[in-house]
Structures are given as structure tokens and as C-alpha cells.
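Only one structure is covered here, and it is reproduced in the block below.
Chain naming here is simple, since letters A, B, ... match the order of the sequence lines and numbering starts at 1 in each. Note that these values count all heavy atoms, side chains included, but never hydrogens, waters or copies made by symmetry.
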Amino acid sequence: MSAPHSTLALRCREVSYAYGEHQALSGVDLEVKPGLIFGLLGPNGGGKTTLFKLAATLTKPQGGTIEILGQRLPEGAPAVRSRLGVVFQHPSLDKKLRVWENLKHHGRLYGMTPERIEQRSDELLETLGLGGRRKDVVETLSGGLQRRVEIAKALLPGPELLLMDEPSAGLDPGIRRDLWEYLAGLKKAGMTVIVTTHFLDEAERCDELAILDGGRVVSRGSPGVLRDGVGGAVVRVDVSDADRVMSALGAVGKVSCEGGDLVVRLTSGDVGAAGEQVRAAIVLAGAELRALSINPPSLEDVYAAATGRAWRGEAE
Amino acid sequence: MKQFFWAPVMTLWQREVVRFLRQRSRVVGALGTPVIFWLFIGSGVGEAFRVPGVPEGTTYLQFFFPGTVMMIVLFTAIFSTISIIEDRREGFLQGVLVAPVHPWAVALGKILGGASLAFGQGLLFFALAPLVGLRFGLLEFLAAAGILAAASVALTALGFVFAWKSTSVQGFHGIMNLVLFPLWLLSGALFPRETAASWMALVMSLNPLTYGLDGMRAALAGGSAGTAWLGAGVLVVAGGVLTALGARMTAGSFGR
């Protein structure tokens with residue numbers, strides 16, 4: 001199933017794209033190795049969906065070079081399409097048709113034989129918990145079930161690379177968890193998965209990430225490496241005299257007030273040292289420390305460090 | 001290069017037909033409206049109608065019959081090509097556009113699907129002919145059905161070309177009212193070229209549908225074979241050119 005490991009799943013060099021005046025991507029460099037779950041993380045409007053559409057061969061590239069499974073776009077699009085599975089944010093299902101009819105038409109578009117379609121549909125519908133829904137008309141299904149049909153459809157021809165645009169937008173947390181377990185299974189079977197998301201908890205589950213902001217890749221690496229790269233820690237304290245302490249803590253790190261607590265972001269040093277620094281500053285300021293918790297930096301901090309702005313991705 | 005042609009054409013064709021038959025309101029709209037027009041206008045004009053060149057005793061219901069067939073074809077073509085805009089909006093089309101499908105297959109599947117529906121509805125209407133005293137033999141019927149098939153492809157392809165470029169159903173309605181409906185109106189469906197003002201007769205003679213309609217009239221009445229062949233020929237050429245144009249437009253969507 002998997003591509004030869006010498007071939008990258010996706011390779012972007014200086015990729016730019018503009019919608020009229022609006023520059024959606026400006027000089028994106030990116031490499032995605034095969035066999036990974038790769039996340040494109042970014043706030044809405046950061047350029048993820050544009051990059052997704054380019055990789056899915058839906059949109060024609062404007063500037064730079066983009067290669068998918070070793071095929072340069074747009075020339076290579078006809079050759080590579082049969083090897084891609086695409087899950088759109090707004091499902092590409094025919095809502096007036098039944099579940100099995102959607103799968104049948106999709107399989108025929110990919111040149112599959114009716115027997116193969118039948119066999120693959122049975123397997124996929126069973127695995128995705130849609131076994132009893134074969135004959136349901138798609139528009140009668142809930143959003144979560146429709147998304148699962150969309151995924152079954154994308155997987156039907158047995159793609160080497162699965163591209164998913166915000167696959168869990170609008171899904172409840174339980175179904176989101178199931179989805180990610182399923183993606184992990186696909187990866188084990190040798191598939192490469194590229195997923196766009198604006199959920200930090202989803203980004204944590206990816207093997208590698210690229211953070212897109214303002215049409216650029218501002219950071220990339222595994223979630224662990226990205227967090228370590230930020231360094232420091234996030235210390236949350238509850239104190240008696242917040243105003244006074246706030247200015248004292250300003251010398252230690254970046255201070256903000258979140259939910260009645262003061263949050264100090266330190267950008268260097270280890271977690272233990274950070275706690276001591278904050279504690280000392282509060283004592284020096286003559287305030288009473290009621291509670292203190294220390295956390296390693298999160299992807300939210302990675303984003304803030306890379307862009308200088310607070311994360312606002314989870315608008316939903 | 002792995003691209004598929006006939007399997008996608010057949011599957012998109014089949015989808016078109018299945019969808020149409022499941023939406024009863026569309027079936028009724030495309031067939032019912034023209035039939036009501038035909039009955040009301042035909043009965044309303046009644047005996048007041050006399051046209052040079054039309055045999056004595058031809059009622060307006062009889063004269064208007066082939067025009068109604070074309071209207072059914074036009075309405076069905078419009079209804080089925082409007083679904084391209086819905087497909088685009090609701091997302092189905094993006095799935096087709098990223099599939100390994102030959103560029104012509106998308107247009108051809110859609111046009112053949114819509115044309116089959118138009119042809120089927122037109123045939124259904126032929127069953128009403130005896131009610132108004134229209135009589136024709138098997139050969140006449142087959143000739144008329146051939147012209148009907150060519151008209152179905154041509155008008156569906158025309159609808160496709162407009163719908164592919166439309167971003168909204170409202171925009172397509174505008175085209176329908178300003179282009180498609182006048183095309184039918186000026187084809188000799190309601191009144192013959194002979195009685196029209198000279199400028200209008202000129203416009204009518206430039207309209208390919210005029211020849212299709214003349215051809216169908218000739219075929220049904222067992223009239224001039226030349227007129228029937230001319231009508232069929234004009235429609236086949238128009239259908240071919242428009243289908244090719246539609247295919248080129250889908251091919252113009254990225255990477256095809």
C-alpha cells in the first residue's frame with residue numbers, strides 16, 4: 001500500500017497562492033514523509049485549506065512547485081489522482097442517494113469493478129460502524145455519520161495518501177476520538193495521512209506538524225520537538241494582590257490574567273527553575289501565594305512563540 | 001496515466017436518472033407545466049388560428065404539439081443541468097473533479113443523463129397525440145423520436161454550458177429567462193415564421209431550434225423528408241459542438 005520510502009508524500013517549494021488581492025499562501029516550504037500522520041495546524045484563514053486544495057489537485061498551483069507522491073502538479077495530477085483519497089470539509093456526498101449508491105458511484109469513478117466495490121464497501125462500512133446504514137439515504141444521517149460515509153468513500157479505492165480537511169469539525173468528542181484511533185490504524189497499515197485541523201488536541205496526535213499562519217509555515221516538527229523548542233514553562237498562580245504581583249512578575253516572563261489567575265509564560269529554563277523564579281518574585285513583592293501550578297509549554301505556546309500572538313484557532 | 005472514461009460516464013449518467021426519478025416534483029414540473037401550457041394555450045386559441053401553409057382543419061392544439069415536445073425537452077434539460085450548480089455548492093462535484101476521470105467523461109455523463117430524461121419525457125407526451133386527433137404511422141413516429149433525441153442532447157448540452165459557468169441558481173434563472181426561453185419562443189413553437197414580423201422571421205431563421213422544430217413537424221405530418229433531415233442534422237451538429245464546448249470547460253477545471 002505505501003509508496004516507496006524514497007518518495008515524499010508531499011513536497012512544497014516556495015508555494016504561493018492568491019485569491020485576487022488576498023494572498024492565501026506565501027512561500028510555503030514543506031516536506032511530508034510517507035507513513036506518517038501529518039498535521040497542518042493553523043487558525044481559520046491561515047492557509048491550510050488552500051494548501052489542502054492544491055494537494056488534492058482541486059486547485060491549480062500559481063507559484064512555486066508542489067509535488068504529490070513524486071508527481072509534480074499540475075502536469076502529474078491525472079497520474080496521481082487514482083492514488084489519493086480526499087475527505088472534504090463539506091462532504092462530497094450525493095445526499096439524495098443511499099449510502100451504498102454513493103460508494104458505488106465513487107468506485108466507478110475510480111475504475112473499480114462492481115465486485116471489488118461490493119467487497120470493499122462491506123469491509124469499510126463494517127469497520128466504520130455503518131454496517132446497518134447501507135440502504136439509508138445520506139440526507140437522513142447525522143453529520144457524524146455522513147462524515148464517516150465520506151471517509152469510507154475516500155478509502156474505497158485503497159489510496160496511498162489520505163488527505164483530510166478538518167475531518168472532525170462538527171463532530172462530538174467521542175466520535176473525534178474514534179476517528180483518530182481509526183487513523184492510527186490506517187497508518188499502521190502503511191497509509192500516509194495529511195490532515196488539516198484547528199484543534200490543538202488533534203494536532204497533539206499527529207506524528208509531525210506544520211503550523212501555518214498568515215500563509216506561511218511558521219513552525220514544524222513533531223509536537224514534542226516543537227514544545228521543547230519553545231522551552232520554559234507556563235506557571236499559573238493564585239495570589240492575594242494581583243496588581244502588585246503582576247508588575248513584579250513582568251521581569252520573570254510574560255504575564256496575563258486568565259480566569260482570575262495570573263499566568264506567567266517563561267521562555268527559557270526548565271520547569272523546576274521556572275517555579276522557583278515565580279515563587280521568589282511573589283515573595284519579594286510581599287504578596288501571599290495561595291496556589292501554584294506549573295505546566296510544560298503547550299502547542300498553544302508554540303504558536304504564540306512563533307507568531308507573537310495568542311492562539312485563536314478554536315473559534316467554534 | 002490512469003484515467004477512466006466509460007465507467008465514469010455510465011455511472012454519472014445513471015446517477016442523473018436515479019436522482020430525477022426520486023424527486024417527484026421535478027418529474028411533475030418538467031412534464032406537467034408544458035402539458036398545462038399546451039392545453040390552456042391550445043384550447044384558448046382554438047379555432048381562431050389560421051396559418052398559411054398549414055393544412056386546413058389543423059387545430060392550434062395540433063399545431064402547438066411539436067412545440068410542446070420541445071418545451072418539455074427544454075424544461076427537463078434546464079432542471080437537470082441546474083443540478084450542476086447544486087452539485088458544486090453541495091460538494092459532490094469536488095469529489096468528481098479530484099477523481100482519476102477523463103476530462104470529457106464529466107460533461108458527457110451529465111449531458112447524456114439529462115438528455116435521456118428529456119427524451120423519456122418527450123416520448124411520454126407523444127402518447128397524448130391521439131387525444132387531439134394527431135395520427136402518425138410507425139415510420140413518422142421513429143423519425144420524430146430521432147429528432148427528439150437530437151434535440152434532447154443539444155438542449156441539455158446548452159444548459160450544461162451555461163450551468164457550468166453559473167455560480168448560483170438565481171443566476172441560472174436569469175439565463176433561463178433571457179436566453180433559453182426566448183430560444184424556444186423564437187423557434188416556431190407558438191407561431192410560424194410565415195406570420196412573424198420580418199425582423200423576427202430573420203432571428204427565427206438564425207435559431208437552430210427552428211430547424212429542429214420544422215423537422216419534427218414535417219416528420220409527424222409525413223411531410224418533406226428533406227425538412228426532417230435538415231432539422232435532425234442541425235440539431236446533431238449543435239449538440240456535438242455544445243457537448244465539445246462543455247467538455248472543454250470541464251477540462252479547463254484544473255489539471256484536466
Search all heavy atoms of S166(B) against all heavy atoms of F172(B) and return the closest pair with its distance. OG-CD1, 3.7 Å
Could you label the plane-to-plane angle of the F65(B) and F125(B) rings as parallel, tilted or perpendicular, counting under 30° as parallel and over 60° as perpendicular? parallel
With the side chain counted from C-beta on, respond yes when V153(B) and L235(B) share a heavy-atom pair under 4.5 Å apart, and no when they do not. no
What are the residues of residues 103-119 of chain A, in order of number, with any heavy atom under 4.5 angstrom from a heavy atom of chain B? K104(A), H105(A), R108(A), L109(A), Y110(A), G111(A)
Please determine, by modelled atom types, if T250(B) and W164(B) share a side-chain donor-acceptor pair under 3.5 angstrom. no
Within residues 135-156 of chain A, residues adjacent to chain B where the heavy-atom gap is under 4.5 Å: none
Given side chains that start at C-beta, do those of W38(B) and V132(B) come closer than 4.5 Å, heavy atoms only? yes
Residues passing the ring pair (Phe, Tyr, Trp, His ring centres under 6.0 Å) test with F92(B), sequence neighbours excluded, are none
Sub-4.5 Å side-chain heavy-atom contact between F64(B) and L190(B): yes
Got a sec, which pairs hit salt bridge (charged side-chain N to carboxylate O under 4.0 Å, His left out) with one end in residues 110-123 of chain B, sequence neighbours left out? E16(B)-K110(B), D87(B)-K110(B)
With only heavy atoms counted, which part of R15(B) is less than 4.5 Å from chain A, the side chain, the backbone, both or neither? both
Residue from E90(B), R22(B), Q14(B), Q23(B) scoring the most non-hydrogen pairs under 4.5 Å with chain A is R22(B)
If the plane angle is over 60° it's perpendicular, under 30° parallel, otherwise tilted; pick one for Y19(A) and Y17(A). perpendicular
Parallel under 30°, tilted from 30 to 60°, perpendicular over 60°: which one fits the rings of H102(B) and F5(B)? perpendicular
